[in-house]
Protein chains: 2
Amino acid sequence: MQTVADPAAQRSPKAEQVLDAAAGVFLEQGFGAASMDAIAQAAGVSKATVYAHFAGKDALFAAIIERACARHAALLAGSDGGDADVESVLRSVGSDFLGLLLTPQTLAIFRVVVAESARFPALGRIFFESGPRRVLGRLEGFLRSAADRGQLRVDDPHRAAEHFLGLLKGELHLKMVLGIAEEVSAQAFDATVEAAVSTFLRAYAPQPSTTETQSASR
Amino acid sequence: MQTVADPAAQRSPKAEQVLDAAAGVFLEQGFGAASMDAIAQAAGVSKATVYAHFAGKDALFAAIIERACARHAALLAGSDGGDADVESVLRSVGSDFLGLLLTPQTLAIFRVVVAESARFPALGRIFFESGPRRVLGRLEGFLRSAADRGQLRVDDPHRAAEHFLGLLKGELHLKMVLGIAEEVSAQAFDATVEAAVSTFLRAYAPQPSTTETQSASR
DNA sequence: GTCTATAAAGGGATAGAC
DNA sequence: GTCTATCCCTTTATAGAC
């Protein structure tokens with residue numbers, strides 16, 4: 001397996017067509033179960049055309065994962081929330097991020113990367129850098145500045161960002177990854193975000209407040 | 001794929017021999033890449049013998065996952081810590097659980113189950129019930145009793161247990177799952193456990209203490 | 001570049017002897 | 001129950017015409 005050199009290489013329309021089809025088949029069936037025949041058929045081209053653009057199954061797989069991760073990363077370049085209060089920013093960021101995590105697309109990418117990271121060691125790193133790493137970095141920056149403004153008490157911003165994401169994912173993400181829960185009710189989603197924000201603020205508040213509620217309902 | 005009826009069925013020695021070999025091959029190579037030839041060779045028997053004990057590749061795979069989950073579950077039946085102080089129990093439980101999570105065996109099972117849960121819907125549930133579910137249940141019970149004794153302030157014990165495990169897994173577990181970090185230093189391990197316990201106690205302490213430290217070092 | 005047709009190999013599953 | 005040998009299908013990858 002060799003990684004594609006150009007990050008935003010301009011590919012021929014046919015190549016894009018093949019990539020789109022390959023993404024569908026690979027992410028739906030997994031690497032092992034996906035066949036080049038199925039990909040060619042889904043793309044509406046012959047296998048020879050697929051091989052004219054990609055060296056083989058491995059290269060094609062790497063290409064679709066890299067492209068998916070790049071798109072993933074593009075979605076994570078939103079605004080920081082600016083000058084809003086910490087709780088609002090956390091709620092907004094938490095809702096956005098958990099929503100992205102629970103998307104069928106994101107879950108499919110995660111499953112495939114986890115499954116094949118043993119055989120394609122580069123994949124795990126590509127995924128981590130393009131996804132979790134960016135989220136952690138942005139969150140860490142926000143928490144650090146909030147701490148500088150005295151809005152939070154944070155000794156280790158990286159660890160604090162890690163903690164917020166850990167609180168956020170919780171049982172919901174694991175169940176979705178394992179295919180146990182098909183869909184998430186808006187109620188359960190909001191309750192998870194609210195509970196994560198609430199618990200995080202109780203742990204990292206600048207001055208302990210005894211009146212703060214612990215309830216997850218909004 | 002059909003699930004094995006007997007939970008603790010007594011199998012012939014040859015069957016156990018095949019199961020052991022199959023576990024090694026499946027967990028190392030994944031379902032798709034593992035071949036029945038490789039399993040038979042690893043077990044030191046012929047393929048016909050494998051098929052004499054298991055209906056096919058699917059049934060064999062299901063059997064090894066179920067056995068692995070059952071063994072997994074057996075490891076989680078430890079003591080509750082009894083009357084020790086909350087912080088000590090959390091540190092002990094957290095250390096044990098994170099240690100189990102980061103075991104090569106546990107990681108391999110998790111990867112394979114995640115990878116194949118789409119094609120074998122029962123696997124995800126079997127894994128969740130035998131692993132995370134038990135941990136959450138035990139932890140939830142402990143937190144509830146600690147709250148009853150006034151040692152913690154917990155409105156929703158299930159959510160609190162979820163939060164502790166989320167804090168515990170953090171970046172470390174994800175990196176290991178993705179194959180980024182080969183081994184974990186004892187220092188990083190302890191720091192993660194300590195940070196999780198510290199943050200959890202700050203969020204769920206019965207009475208906010210302003211003097212408590214946030215540092216993750218011990 | 002793109003197609004049809006095919007080669008070459010591997011893997012799941014089984015027949016029949018013992 | 002266990003083995004050897006084999007069937008049969010799928011899959012990857014390519015050759016050659018256009």
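Owing to the predicted nature of the structure, the values given are computational and were not obtained by experimental measurement. Letters go in sequence order (proteins before strands), and every chain restarts at 1.
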B/Ala40 near the nucleic acid: base, sugar-phosphate alone, or nothing, with a heavy-atom cut-off under 4.0 Å?
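Since no nucleic acid heavy atom lies under 4.0 Å of B/Ala40, the category is nothing.
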
Sugar-phosphate only, base, or nothing, as touched by B/Ala15 at under 4.0 Å among non-hydrogen atoms:
nothing

Nearest-Å distance, [atom1] ([X]) to [atom2] ([N])?
| X | N | atom1 | atom2 | answer |
| --- | --- | --- | --- | --- |
| A/Asp58 | D/dA13 | CG | C1' | 13 Å |
| A/Lys57 | D/dT10 | NZ | P | 15 Å |
| B/Phe54 | C/dG12 | CZ | P | 15 Å |
| A/Asp37 | D/dC9 | CG | C1' | 13 Å |
| B/Gln41 | C/dG12 | CD | P | 13 Å |

Could you list the residues that satisfy salt bridge (charged side-chain N to carboxylate O under 4.0 Å, His left out) with A/Lys57, not counting sequence neighbours?
none

Is there a side-chain contact between [X] and [Y], using heavy atoms and a 4.5 Å cut-off?
| X | Y | result |
| --- | --- | --- |
| A/Leu27 | A/Arg111 | no |
| A/Phe120 | A/Phe31 | yes |
| B/Leu168 | B/Leu101 | no |
| B/Phe189 | B/Leu102 | yes |
| B/Phe200 | B/Leu143 | yes |

Any idea which of C/dT2, D/dT2, D/dT12 is nearest the A/Met36 side chain?
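Closest nucleotide among those given: D/dT12.
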
For the side chain of B/Ser35, counting heavy atoms from C-beta on, which of C/dT2, D/dT11, C/dG12 is nearest?
C/dG12

Step-by-step side-chain hydrogen bond (donor to acceptor under 3.5 Å, both in side chains) determination, A/Arg125 to A/Ser117
CA-CA 9 Å; A/Arg125 188 166 292 277; A/Ser117 60; over 6 Å; no

When the ring planes of B/His72 and B/Phe127 are compared, do they come out parallel, tilted or perpendicular, using 30° and 60° as the limits?
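Tilted, since the angle between the ring planes falls between 30° and 60°.
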
What I want to find out is whether B/Arg67 reaches B/Glu16 closely enough, with some N-O distance under 4.0 Å, to be called a salt bridge.
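Salt bridge present between B/Arg67 and B/Glu16.
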
For DNA chain C, which residues in residues 19-32 of chain A have a heavy atom at a distance below 4.0 Å?
none

Residue-level proximity of residues 43-51 of chain B to DNA chain C when a heavy atom falls under 4.0 Å
B/Lys47, B/Ala48, B/Tyr51

